[in-house]
Participant: 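This is the structure I have questions about; it appears just below.
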Amino acid sequence: MSDYPTYLEVLNPEQRQAVLHTGKPLLILAGAGSGKTRVITTKIAWFIRERGVDPRSILAVTFTNKAAREMATRARQIDERAGDAMLRTFHSFGAWFLRRNGSLAGLDSGFVIYDDDDVVSLLSTIMENSPKAEVKECAYNISRAKDYFFDPDDPQLIKIDTRKKFREIYARYEQRMAEIGNVDFGDLIKKPVEILRSQPEVARRFRERFSVIMVDEYQDANVAQFRLLKELCGAETYVCVVGDDDQSIYRFRGAEVKNILEFPDRFSGADIIRLERNYRSTAPILKAASSVVNCNNDRLGKTLRAEKGDGPLPVLAYLPDQEHEASFCAEKIEKSVKSEKAKWSDWAVLYRTNAQSLGFETLFLRRGIPYRVVGSLKFYEREEIKDALALLSFLINPRDEVAFRRVVNKPTRGVGPVTVDKIVEASANEGGDLLKTGYKMELAAKARSGLNEFFKVIENAQSLLDKADGAVAEPTAEPRSDEGSPPDNKVKKSGGKKGKTKKHEELVSGEGLSVCVTQIVKDSGIAEYHRTQDEVTANQRLNNLQELVNAASLYAQSREGLLEFLEHIELDRSIDDRANASADTSGDPENSVTLITFHNTKGLEFRRVIMTGLEQGVFPRDGKNGEEMEEERRLFYVGATRAMDELYLTSCAVRRMYGRTMPSNPSVFLREIDRSCLRITGEKSYGYGTGQRPPWEQNSDTSGATYSRYAQTSQRENDAEKKAGWRRGQRLFHDDHGYGAVMEVRDSEDGPIVRVRFDTGRETRFLSEHQGRAYEKMGDDV
DNA sequence: TAGTTTTAAGTTTTT
DNA sequence: CTTAAAACTA
């Protein structure tokens with residue numbers, strides 16, 4: 001029928017047209033599930049095979065590491081040589097660029113990337129007396145400013161922050177960052193653009209290097225990223241971007257849908273190809289999703305056809321509360337698996353905020369449903385992990401003020417903030433090197449000896465690295481193209497009996513870089529410090545540190561390897577949290593239910609999807625209107641179009657927030673969905689869609705005013721103590737937990753609640769009238 | 001200054 | 001409810 005080789009034969013005409021397109025810039029408007037990844041990967045392979053393009057001169061940019069990895073895998077399946085193409089996220093490309101060319105912007109190649117928390121820490125040293133919330137807002141605004149490519153002196157800055165002093169703060173921040181020699185996320189895009197603009201020679205080199213540039217998820221590009229693309233494209237460069245305006249969900253991060261709308265203007269002579277055949281979802285699912293996003297005004301508009309045809313209607317379950325919501329999900333999933341209609345991994349539970357995952361996790365754990373939580377960054381936000389990383393960062397860059405502040409006095413060495421301030425200030429004259437300055441400075445005796453202790457740790461670590469550098473001559477000139485997160489099997493589960501407190505094991509080192517890291521972390525006393533804090537959490541913290549150490553074993557034992565390790569952690573935090581995750585519900589992470597935020601689902605697909613929390617205030621979130629409301633609709637669209645076969649929606653009548661139960665209304669999205677493609681289960685008779693609220697909602701509407709969180713005065717606390725027969729400070733003994741003391745006695749609807757902290761660090765609470773018997777009062781108060 | 005206790009505050013979404 | 005910041009004490 002045709003002369004196309006098989007890998008092209010399998011494409012539909014539009015897809016093939018997109019793959020074979022050359023000569024002019026190309027914009028591919030690709031609806032959800034229309035096979036855009038297939039087009040990009042095929043196009044890469046095609047260029048290599050049919051056009052003799054050197055794989056190394058192909059650059060494909062995505063927004064997530066997950067997407068980059070998937071693209072690499074799939075392209076290689078078509079042609080092995082595609083593995084040599086550069087497939088990266090914008091940010092990792094930026095980092096790669098700056099390691100090589102950063103010196104042109106005064107940047108040492110050993111820079112460390114600051115995450116948002118580090119930025120806030122640095123900023124709070126600049127905005128000394130401001131409350132934390134204000135500092136955070138400022139950090140956010142600086143980040144936005146960089147997304148829009150605004151310098152501190154840019155007049156347009158007022159669009160982001162109208163306060164006069166913002167300009168100053170931004171300028172000071174930039175200056176401090178330059179002195180420290182590190183970069184933030186925004187710099188990874190902005191600085192390369194600046195270099196490319198100011199150094200024509202470099203620009204020429206890069207335009208020569210990359211003859212084909214492709215960008216995925218183009219609707220999520222911000223202004224700075226657009227500029228970077230523009231700078232990389234020379235007259236000869238073939239540029240192709242793929243996107244879908246209906247799936248733009250990162251406005252809050254500076255994404256500009258305008259980029260995609262204006263592409264034909266910015267890249268003159270561009271062709272546009274539309275992919276409107278959806279191969280993923282059934283017709284009713286697609287219709288339901290479209291009917292919501294159709295309510296948006298600001299869109300190009302397109303008609304997606306479901307190639308799959310008919311299927312079961314999406315189901316809306318209207319439920320009383322979160323507990324029912326979780327068990328609804330559990331039952332649906334269990335039933336389908338037991339009847340062998342589906343596997344665990346066919347299912348995904350979607351929610352708006354990460355916090356919502358908790359309810360599902362606890363129930364799934366109890367019912368033995370294997371699950372994995374995608375995304376939540378918990379692991380790297382843990383104190384002990386941040387401590388260890390700060391220590392390692394400081395080894396790489398002794399000018400890193402933020403890292404220094406974090407670890408110098410941990411464990412306590414008598415070096416307080418006053419001393420630290422002094423050192424930082426003095427270091428300004430020494431080129432910012434905190435080590436050098438610290439050695440020379442005159443200090444009070446206590447601070448002196450403490451600082452020396454810390455320096456001893458650093459020295460030992462340095463010589464460890466020096467030795468490693470000498471022994472393993474590993475230049476790692478080119479980054480590995482298959483840079484992925486560590487394969488699961490390599491990270492062995494750390495020891496320790498679950499749940500029970502037992503003697504802590506030492507950190508165990510594996511191979512590679514982990515040898516050094518283990519030694520350094522042990523030396524530093526960080527592990528020891530956390531061990532002394534609280535015995536119960538200490539166990540977990542040690543396990544976490546062990547995880548970190550394990551992850552290091554994949555890197556070379558050298559400074560270079562350490563740098564790579566740190567960079568990888570900053571740029572890709574997606575490795576899931578094994579310490580907490582479904583630890584023992586099942587051994588096989590490949591066969592478990594996915595718990596995930598709507599945002600994180602982009603680019604993924606599942607046979608069966610449950611979208612949860614469809615309530616006003618939750619999804620869409622509070623205070624969304626106008627453009628932001630349109631973004632929420634797009635988010636709904638993204639979520640719904642992940643489903644291949646079956647789609648479920650849940651909405652609760654009441655929801656617990658901040659520990660209080662509040663009535664909630666059904667999401668407006670439920671009203672916007674075309675009624676012909678929705679089946680309502682459960683309490684359908686309660687007037688869904690008529691604006692009338694279901695009965696339990698009306699009854700339980702004792703509404704907010706009566707809940708006063710601060711009602712209990714110390715006087716009332718006294719009453720509670722009398723009623724309970726327990727008072728604060730009372731020592732006690734419990735058969736299972738041992739000795740402890742009463743921390744707090746509080747009144748509740750069910751009677752007085754006594755909170756106990758045991759000497760092991762564990763905390764429990766009990767109702768005095770019911771469970772009081774298990775607690776034996778002991779004589780000596782504290 | 002270090003460690004503890006009391007009080008306030010908060011939940012988007014992510015590279 | 002959980003966590004972070006402020007306030008207090010030794």
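So that the names make sense, note that chain A is the first sequence line, chain B the second, and so on, each numbered from 1. Hydrogens, waters and symmetry mates play no part in the numbers below; they use all other heavy atoms, side chains included.
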Participant: Mind listing the N/O atom pairs, protein and nucleotides 4-6 of chain C, below 3.5 Å?
Facilitator:
residue	atom	partner	partner atom	Å
C/dA5	OP1	A/Lys132	NZ	2.3

Participant: Is any side-chain nitrogen or oxygen of A/Thr597 closer than 4.0 Å to OP1 or OP2 of B/dT14?
Facilitator: yes

Participant: Please name all residues satisfying side-chain contact (heavy atoms from CB on, under 4.5 Å) with A/Thr597, sequence neighbours left out, ordered by chain then number.
Facilitator: A/Tyr351, A/Asn354, A/His599, A/Asn600

Participant: So that I can compare with my own list, what are the stems of DNA chain B, taken as at least three consecutive Watson-Crick or G-U pairs with distances under 3.5 Å?
Facilitator: B:1-10 with C:1-10

Participant: Quick one: side-chain hydrogen bond (donor to acceptor under 3.5 Å, both in side chains) partners of A/Tyr114, sequence neighbours excluded?
Facilitator: A/Asp400

Participant: So, using side-chain hydrogen bond (donor to acceptor under 3.5 Å, both in side chains) as the criterion, who are the partners of A/Gln219 when residues are at least two apart?
Facilitator: A/Glu217

Participant: A/Arg366: what forms a side-chain hydrogen bond (donor to acceptor under 3.5 Å, both in side chains) with it, not counting sequence neighbours?
Facilitator: none

Participant: Looking at residues at least two apart in the chain, or sitting in another chain, which of them share a salt bridge (Lys or Arg N to Asp or Glu O under 4.0 Å) with A/Lys386?
Facilitator: A/Asp115, A/Asp117

Participant: Side chain of A/Thr64, heavy atoms from C-beta onward: which of B/dT13, B/dT11, B/dT15 has the nearest atom to it?
Facilitator: B/dT15

Participant: With sequence neighbours left out, what residues match A/Met657 under side-chain contact (heavy atoms from CB on, under 4.5 Å)?
Facilitator: none

Participant: Can you list, pair by pair, the side-chain donor-acceptor contacts under 3.5 Å of residues 634-642 of chain A, counting residues two or more places apart and other chains?
Facilitator:
residue	atom	partner	partner atom	Å
A/Arg634	NE	A/Ser248	O	2.7
A/Arg634	NH2	A/Glu631	OE1	3.1
A/Thr641	OG1	A/Tyr637	O	2.8
A/Thr641	OG1	A/Val638	O	3.1
A/Arg642	NE	A/Val638	O	2.7
A/Arg642	NH1	A/Leu604	O	3.1
A/Arg642	NH2	A/Gln247	OE1	3.3

Participant: Just to verify, what does A/Glu628 make a side-chain hydrogen bond (donor to acceptor under 3.5 Å, both in side chains) with, not counting sequence neighbours?
Facilitator: none

Participant: What nitrogen or oxygen pairs link the protein and nucleotides 1-3 of chain B at under 3.5 Å?
Facilitator:
residue	atom	partner	partner atom	Å
B/dG3	OP2	A/Thr412	OG1	3.4

Participant: Would you mind checking if A/Asp147 and A/Arg253 are paired as a salt bridge, meaning a charged N to carboxylate O distance below 4.0 Å?
Facilitator: no

Participant: With A/Glu323, which residues qualify under side-chain contact (heavy atoms from CB on, under 4.5 Å), at least two apart?
Facilitator: A/Asp321, A/Arg656

Participant: What contact category does A/Phe63 fall into here, base, sugar-phosphate, or nothing, at under 4.0 angstrom with non-hydrogen atoms?
Facilitator: sugar-phosphate

